[in-house]
Amino acid sequence: MKFKGGIHPDYHKLTADHATVVMPLLKRYVIPVSQHIGTPGEIIVERGQEVGRGQPLTSPAGFVSVSVHAPTSGKVKKIADFPHPLGKAQPAVEITSDGEDAWFEDIAGHGDWRDLTPARLKNIIRDAGLVGLGGASFPTHVKLSPPKEKPVDLLILNGAECEPYLTSDHRVMLEHPAEVMEGIGLLMRALGVRKALVGIENNKVDAGEALKRARPVDLDIKVHLLETKYPQGSEKHLIYALTKRQVPAGGLPMDSGVVVQNVGTALSCHDAVKLGRPLTERVVTVTGSAVREPANVMVRVGTPVAEVIDFCGGLTGDVGKVIFGGPMMGIVQSNLAAPVLKGTSGILCLVESEISQFQGAPCIRCGNCVDACPMFLVPSIMGLLVERNRFADLGEYHITDCIECGSCAYVCLSRRPLVQFFKRGKLEWHEHVKQLEGSVS
Amino acid sequence: MLTPTAVLAGIGLVSGLGLAVAAKVFAVEIDPRQEEINDQLPGANCGGCGYAGCADFSAALVEGKADPGDCPVCDDATLRLLGEIMGVEVGESVRHVALIMCQGGLSVAHREGRYNGHASCASADLIAGGGKLCSYGCLGLADCQAVCAFGAIEMIEDCIARVIPSRCTACGKCVAACPKHLIRLVPANTQIHVLCSNTEKGAAARKACNVSCLGCKKCEKTFEDDPRIIIHDHLAKVDYLKPPTDQAVVEVCPTGALTVRLLDREDRARQPS
Amino acid sequence: MTSPGPGDFKFIISVSPHVHSGQDVRSVMRDVILALVPGVLAGIWFFGFDAFRVLVLAVLGCVAFEIGMNRLLGRASTIRDLSAALTGVLLAMNLPSGSPWWLIIVGSGVAIILGKAIYGGLGYNPFNPALVARVFLLISFPVQMTHWVVPAGITTGLDGITGATPLGAAKEAAGLGKSLSETILPDTLQLLLGNVGGSFGEVSALALLLGGAFLLYRGIIRWQIPVGFIGSVVVITGIAHLLQPDRYLGPVVHVLAGGLILGAFFMATDMVTSPVTRTGMLVFGIGCGVLTSVIRLWGGYPEGVSFAILLMNALTPLIDRYTRPRVFGQVSRKLFEEAPSS
Amino acid sequence: MNLLLLVISAVLVNNFVLARFLGICPFLGVSKKLSTAMGMTGAVIFVMTLAGIASWLIYHVVLAPLDLVYLQTITFILIIASMVQLVELALQKISPPLYRSLGIFLPLITTNCAVLGCAVMSVQNDYSLLETTVFALGAGVGFGLALVLFAGIREVLELAETPKAFRGTAIALVTAGVLSMAFMGFAGLVK
């Protein structure tokens, strides 16, 4: 049950045994319109409009798009550009809550998922604004409808949570095993598969036991404990570890007959179908030694980061970085006014001593990165090519197959910013290909 | 004495015949104009035009991939002649010069965080916009300087680049290299410029940088009858087809974003005022 | 404390990952120097104070030249990464203990300037700096470089009578057409312990094997190069010995004698000048082994390790290019269709 | 048996570029890119072998009987020139990209001392026709080996932060020096 490559970082799972804490209602929420991969929805509310909790604020624009919902009942204060965790300021809806936290009147449960047709299930999932909670935030209903020519026979649930520090999936599996299992069932039905596997790293044995005990009798769901190794949670490597199938390079999991969903997504799907509740809150791990009281917090989507950190005792003096996500792939924040998104699995506050700074010394070709790369690329030479602006040769080195997991930079002796080279390299390579196609055609 | 010359002539003749046959077998048709152009070119095969030699450059010229101006060695007379052969109009009307639309060095602009990574603007731009509070401003990691073949760009202070007009040949390489798209080719005879690209509202712009354009429209108002500066998206833009000439208009600007910079006479860039 | 508003809080802004394994160039170079200590001590034990003199001169020479070149090229000092010190130690171990002081200084100069600094410093040099110096000295000053001293041990003082190395003796015998049985050859135990003629660092096979095992255990070097190197030498010299026992030495002697152990574990595995992929390392190791055997058995020089490694260093760019691993999920070698060629 | 020794001597021990230092200008000129280096190797091997055979024939059939031996050099150059012209015409037709990338260095083979050297040497050492062909082939392969090896290194050196003064040909010459030092390891391989 292993994949080749990868690294063994020290895991710092400080909050593994902290029960999830619910954040109290706040006065102000900022809900960005773009929170998922795909076209952002169109805003369907205006300034001053009264909204109920869970009321959709945008309507999906096209198939690969979902709407965002109000986290609480209140009034739409302003629609403008607000700081966004993934880069420049972007349009968002600012809502001031009226304190009642009353559900929008159309919210109603849809009964047992076993009596609903797959198409109906997918519609409920889309209307509930469900996206992958693992971090990629790809619209769930799109993943559940693979094209005819790509038959899918297996659903895999990603409970690996291989990023150090993060424990949100762990808590979800421990605290709601039954709902997660039901959620898996409804996803299997929506996808039309009879088998499902749950992959959990063997540093979360209690979660595995909890899920096994909660397995519904009529569902063929097997829970497997996998070796704790980063990046076990990468879709391609989770599939390989569980089924030995290799997703073709440049392809998607469905190319090898599999769809992968995060365990948190399964729970949210269950809430959407059983209780009719859209995705407006999720478990976020707030951790790192720069935050006074690390905790797993049930946070409403749209809560500014500063508020969440305040709720956990605020930052210590010598904070170095505040990161959305884990330390291996997380995105650094420069402005704490940015709100929590659907895909935010963790808020990591690290002190300077915990952080390793990049030095960009010359590569001494030690080969550590070649051993660590789970996609079997050659990061040392690829990085050198980008550093010297030799973008035309990157295709030969398969830069587009890099999953930016950071394993190479973790073991790089010269502390080179390899993932930054590859992000840049991919952009420049696509530019190069476009120019070539332009000149050839 | 006769035999050596006879032997040599014989070998020469045989080889010549063989080659004549080979020339027919491997004939490759070449555009007649290519021969004509090739004769005009200096024939030094210096590679300054980016091709392997003059023959290669003339082939590219015929296929229209290159233009006569690429050859750094040819004098104007030859360039005009090449233009006629190709039936292409050659020569430039007004000299243009590159201009960086930003003055936000760290003495006036604020950082949002300490950037730690690859020392290249295009790479820094991928990480939270590069860590400068004004996300439109110059990151000062010298991508433009690295790509300028004429040494016409210098880093005059932390986080800001500046073009040396006298050395700039308007080749456009820096325009493409800047990830924030701050560099424009402007006529060298213009003097008044808005050196800012921040399109945020006034309050946010002022917080990000002391010399940012707040979109206050004061400069626009001074040209009631024939508009020479237009405000668009909280940012003033000079109309370079009908540029303002009266340098007094610069006093109107509260932050100094609208400023005078002579582009045709300086050889060394003056320190920022 | 209220969380800071935007702008007035100076976070570090960088790409992921934000954490690191902790190992860096300095720690790796330090481990390699540590692994060399047994070999150096054995050398000093057998060749006395003179060997220590060579070591100190070589290390100081290399460090001094590195400082000089950094200043000359206006580059930040790179002494901290201990690579110059390591080059010094390796260079010293490749020189006979009796080498004159100027030979060592010239060697250090060539190693640092010609071997590394001229290419732009650590990471860009195609050839192993210490070996560039050793081959340079071997060709320019053959007499001093083959002035082997019989190991007299630190206790009994030093007497400068020269003694041939085992490989040198075998080469002379082959040259004169004499059979091996007539020439006096040290028995295997002496070879293992290092009580034989040779460069001061390469003699004690046991001490070097100890250091090599330490490096393998720490994961600083990969098994592919030493195993490929020593394995192919054993195979080739083994066959040659079987075919003509009286003309060619047995594989055991070939492994323990000369610079093979030092070369396989410390010189060939120099990260900068060897391939980055595992298959590439195996090819590199085997290549070194084949070339060493060819030179030792039929070449002009008794010892081929240095030349073999330098030649394989030259081949490394090609090895890197043609031994790239197959990408995860890549079905055929050419799954990734090349971009339309310009 | 001595044919094998002849090849080993031509390819490794007395390598035309790294031991005899012949044909240095195409060696430096074409070794920037590996693909052009391979193209050049093909062209040189072809020209060398054909020129070797042709010059042996001319020498033994025409020059020696008429004791015009002193014409040897001029006739060899004439033959090599026409061989090169033949290759140039063929290459322009068969693979224009390779022709364009070789550029100026293809006609340069005419005055390439390695090709002329090989022809003259095979005559001086009084080799038979078979020996001349093998020697010329070995010399061409040796030249190719050195060229491809060197092109591999130079492509990597492109990525290095070489000090400004040494960029380009300077560092190439230094590297070629070290490479030829390494090749001296083969000295004495052939008795």
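Keep in mind that what you see is a predicted model, and the values were worked out from it rather than measured. We name chains A, B, ... by the order of the sequence lines, and we start the count at 1 in each one.
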From CG (A:D10) to OG (C:S21), nearest 0.5 Å: 9.5 Å
At a heavy-atom distance under 4.5 Å, which candidate from A:A409, A:G320, A:G5 has the highest pair count against chain C? A:G320
Between CD on residue A:E163 and OG on residue C:S16, distance to nearest 0.5 Å: 8.5 Å
Tell me, side chain or backbone of A:Q359 under 4.5 Å from chain C's heavy atoms, or both, or neither? neither
Going by residue number, which parts of residues 111-131 of chain C are within reach of chain A, meaning a heavy-atom gap below 4.5 Å? C:L122, C:G123, C:Y124
The interface call for A:E354 against chain C, heavy-atom contacts under 4.5 Å, is backbone
Using non-hydrogen atoms and a 4.5 Å limit, figure out which bit of A:C366 sits close to chain C: side chain, backbone, both or neither. both
Could you look at A:P374 and say if it's the side chain, the backbone, both or neither that has a heavy atom under 4.5 Å from chain C? backbone
For A:I355, is it the side chain, the backbone, both, or neither that has a heavy atom closer than 4.5 Å to a heavy atom of chain C? both
Would you please go through residues 307-318 of chain C and name the residues with a non-hydrogen atom below 4.5 Å from one of chain A, in numerical order? C:T316
Polar side-chain atom of C:H18 near backbone of A:G330 as donor-acceptor pair, under 3.5 Å: yes
If you count heavy-atom pairs within less than 4.5 Å of chain C, which of A:I364, A:L384, A:D255 leads? A:I364
Residue pair C:V15, A:F421: steps toward the side-chain contact (heavy atoms from CB on, under 4.5 Å) verdict: CA-CA 10 Å; C:V15 77; A:F421 287 146; over 6 Å; no
Side chain from CB out, backbone as N, CA, C, O: work out which of these in C:V28 comes under 4.5 Å of a heavy atom of chain A, or both, or neither. side chain
Do A:F3 and C:F328 have side chains that approach each other closer than 4.5 Å (heavy atoms only, starting at C-beta)? no
Please state whether the side chain, the backbone, both or neither of A:Y410 comes within less than 4.5 Å of a heavy atom of chain C. both
Can you tell if the side chain of A:V419 reaches within under 4.5 Å of the side chain of C:P17, non-hydrogen atoms only? yes
Counting heavy-atom pairs closer than 4.5 Å to chain A, which one of C:D320, C:T273, C:T277 comes out on top? C:D320
Select one option (side chain, backbone, both, neither) describing which atoms of A:K423 are under 4.5 Å from chain C's heavy atoms. side chain
Let me know if A:I7 has heavy atoms under 4.5 Å from chain C in its side chain, its backbone, both or neither. neither
Taking A:I381, A:N368, A:L377 one by one, which has the highest count of heavy-atom pairs under 4.5 Å against chain C? A:N368
Determine whether A:V332 and C:I12 make a side-chain contact, defined as any pair of heavy atoms from C-beta on separated by less than 4.5 Å. no
Salt bridge or not between A:D371 and C:R278? Use side-chain N to carboxylate O under 4.0 Å. yes
What I'd like to find out is whether the side chain of A:Q246 reaches to under 4.5 Å of the side chain of C:Q330, using heavy atoms alone. no
When you compare the side chain of A:R365 with that of C:S274, does any pair of heavy atoms fall below 4.5 Å? no
Among residues 76-94 of chain C, those lying within the under-4.5 Å heavy-atom range of chain A are none
Over-ring placement of C:R326 relative to A:F376, 6.0 Å and 45° cut-offs: no
Out of A:K321, A:E404, A:Q420, return the one with the most heavy atom pairs under 4.5 angstrom to chain C. A:K321
Given that the side chain runs from C-beta out, which part of A:P327 has a heavy atom under 4.5 Å from chain C: side chain, backbone, both or neither? both
For chain A, which of C:M281, C:H20, C:M271, C:R222 has the most heavy-atom pairs under 4.5 Å? C:H20
Evaluate the side-chain proximity of A:L336 to C:F11: yes if any heavy-atom separation is below 4.5 Å, no if none is. yes
Taking the side chain as every heavy atom from C-beta outward, state whether C:Q23 and A:V411 have any atom pair closer than 4.5 Å. no
Heavy-atom distance under 4.5 Å to chain C: side chain of A:I323, backbone, both or neither? side chain
If we define contacts as heavy-atom pairs under 4.5 Å, which of A:H8, A:M329, A:R415, A:M375 has the most with chain C? A:R415
List for me each residue that meets side-chain hydrogen bond (donor to acceptor under 3.5 Å, both in side chains) alongside C:R30, sequence neighbours excluded, and say none if there are none. none
